[in-house]
Amino acid sequence: MIWVFGVILRAMKKYLIFKAGRGIYDIIREEGLKRDRVRAFAGPAGGPKWFVSVGFDKALIETGFLIRADRSRTLLAGSSAGAWRCLAMACKNPLDAYEKLRIAYSRNIFTAQDTAWSISAKLQQTVESFISDEDIGTIINNPKFRLAIHVVRSKGAAASSRRWVEGIALLSAGMMNVMSSKLMNLFYERVIFYTGKERPGFLLKTFDGSSHELMLGNVKQVALATGSLPYIIAGVKNIPGMEGEVFRDGGLLDYQLNQDYDPGEEGITLFFHYQDRITPGWFDKGLSWRKPADMVTDRVLQIYPGQDFVDMLPDKRIPDRDDFRTFVDNPSERIKRWDKVSDMSAILADYFFEAIESGKIKEMVSPIG
């Protein structure tokens, strides 16, 4: 009876929003979501916002939803926390790795005494906590998944380890970005680290940047680099074969969704997000008019929490990076809140599978604006 009541209650609430790009909207309306159409999974950056996706991600792992029946590999792509989610999914024991990531990330404690180097050291420990040496081989040779991890190579003053120099570069990049996002190339180069003998298809089309293989000796360094915010966290310089170059958070250029991951004419990119708006680059957060190109969202199924769900969360909001500062003197309270959000996110997984198994997603989906 409790399960039945839960189903009825969820049906009355709008816990999850479904939006589809123009290339797949009619497909979803006609046939719902067939799992074999999902050929790519995109994880956005966004700091602690990812805790609202914990239940959803774990359900994908437990059900094998992203594993394709034809034995071809699904692309897992993302930057920063989104990339870490993807890396955990590709580990030998993905559920265990994912939970270790959640615990390590949420238990990080930062104080006013921390420096860019000490924060980097703590994030390195986070990476070490969920990616074991054994996992590295599994990630590289995973028969079910391919990875595309976003980082950026810093150029000129943006590569400086002097905080004031980097600060000036960041300010300059922000001003240039208002005029055109293409001007970001003056400060950063987009770099994708991928698994597989051949580059993923999307890198062979309109991709603007460089690409390199993920290998035994660079997985952990790349994982650290993709989460290393400029100015706050030290850049990563020790990626094998690229010594001397400075790599930082891939979200600077590809923040939430800014690439067409090319799932094919019959395919879909599954994109679990935190909100309605999709912000292309980190510097675009304050630019309300900036959005991804139509080709980027054409075959994307965007999913994000509805207001009915958000209203149930602590303070009726999704966690964010400001929580580190808000609860700097009471980290246990922050951790408790983040744990609660992680637990409650299981509701979204239930809602998702009910929607696709019942076919209700056909009526629930709307176009990406």
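In what follows, every heavy atom counts, from backbone to side chain, and hydrogens, waters and symmetry copies are set aside. Every value quoted in this text rests on a predicted model; they were computed, and no experiment measured them. The first residue in the sequence is number 1, and the count goes up from there.
Taking the ring centroids of Phe65 and Phe353, they lie under the 6.0 Å cut-off.
Ion pairing of Lys362 with Glu30 is absent here, as no side-chain N (NZ or NE/NH1/NH2) approaches a carboxylate O to less than 4.0 Å. Between Glu166 and Arg163, no side-chain nitrogen of the basic residue sits less than 4.0 Å from a carboxylate oxygen of the acidic one, so the salt-bridge criterion is not met. A salt bridge does not link Asp322 to Arg334: none of the charged nitrogens lies less than 4.0 Å from a carboxylate oxygen. Using a 4.0 Å cut-off between charged nitrogen and carboxylate oxygen, Lys205 and Asp260 do not count as a salt-bridge pair. Using a 4.0 Å cut-off between charged nitrogen and carboxylate oxygen, Lys220 and Asp133 count as a salt-bridge pair.
A donor-acceptor distance shorter than 3.5 angstrom exists from the side chain of Arg299 to the backbone of Gly264, with no hydrogens or angles considered. No donor-acceptor pair under 3.5 Å is formed between the side chain of Gln256 and the backbone N or O of Pro44. A donor-acceptor pair under 3.5 Å links the side-chain atoms of Asn258 to the main chain of Leu253, judged by distance alone.
At least one side-chain heavy atom of Arg321 sits less than 4.5 Å from a side-chain heavy atom of Leu229. Here the side chains of Ile192 and His150 are in contact, with some heavy-atom distance below 4.5 Å. The side-chain heavy atoms of Thr126 and Asn108, taken from C-beta on, include a pair separated by under 4.5 Å. Within the 4.5 Å cutoff, the side chain of Phe130 has no heavy atoms near those of the Tyr105 side chain.
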> After noting the C-alpha distance and the side-chain angles of Ser210 and Glu189, does the key distance pass the side-chain hydrogen bond (donor to acceptor under 3.5 Å, both in side chains) rule?
Replying inline: CA-CA 8 Å; Ser210 63; Glu189 177 193 14; 3.1 Å; yes

>> Set out, in order, the CA-CA distance, both residues' side-chain angles and the distance that settles side-chain hydrogen bond (donor to acceptor under 3.5 Å, both in side chains) for Asp284 and Tyr255, then state yes or no.
In response: CA-CA 9 Å; Asp284 298 325; Tyr255 183 54; over 6 Å; no

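Among all heavy-atom pairs drawn from Lys285 and Arg277, the shortest one is O-NH1, 3.0 Å.
Ile368 and Tyr274 sit in two unconnected hydrophobic clusters of ILVMFWY residues. Membership requires side-chain heavy atoms under 4.5 Å apart, directly or through other members.
Screening Arg317, Lys49, Arg337 for a salt bridge (charged side-chain N to carboxylate O under 4.0 Å, His left out) involving Asp323 leaves a single residue, Arg317.
The aromatic rings of His212 and Phe193 are tilted relative to each other, their planes meeting at an angle between 30° and 60°.
Around the NZ atom of Lys291, the shell of radius 6.0 Å holds no more than 12 heavy atoms that belong to other residues, nucleotides or ligands. Applying the 6.0 Å contact sphere to CD of Glu198 captures no more than 12 heavy atoms from other residues, nucleotides or ligands.
If you check the side chains of Ser118 and Asp114, you find a donor sitting under 3.5 Å from an acceptor.
Geometrically, Arg85 does not engage Tyr98 in a cation-pi contact, judged by NZ or CZ lying under 6.0 Å from the ring centre and within 45° of the ring axis.
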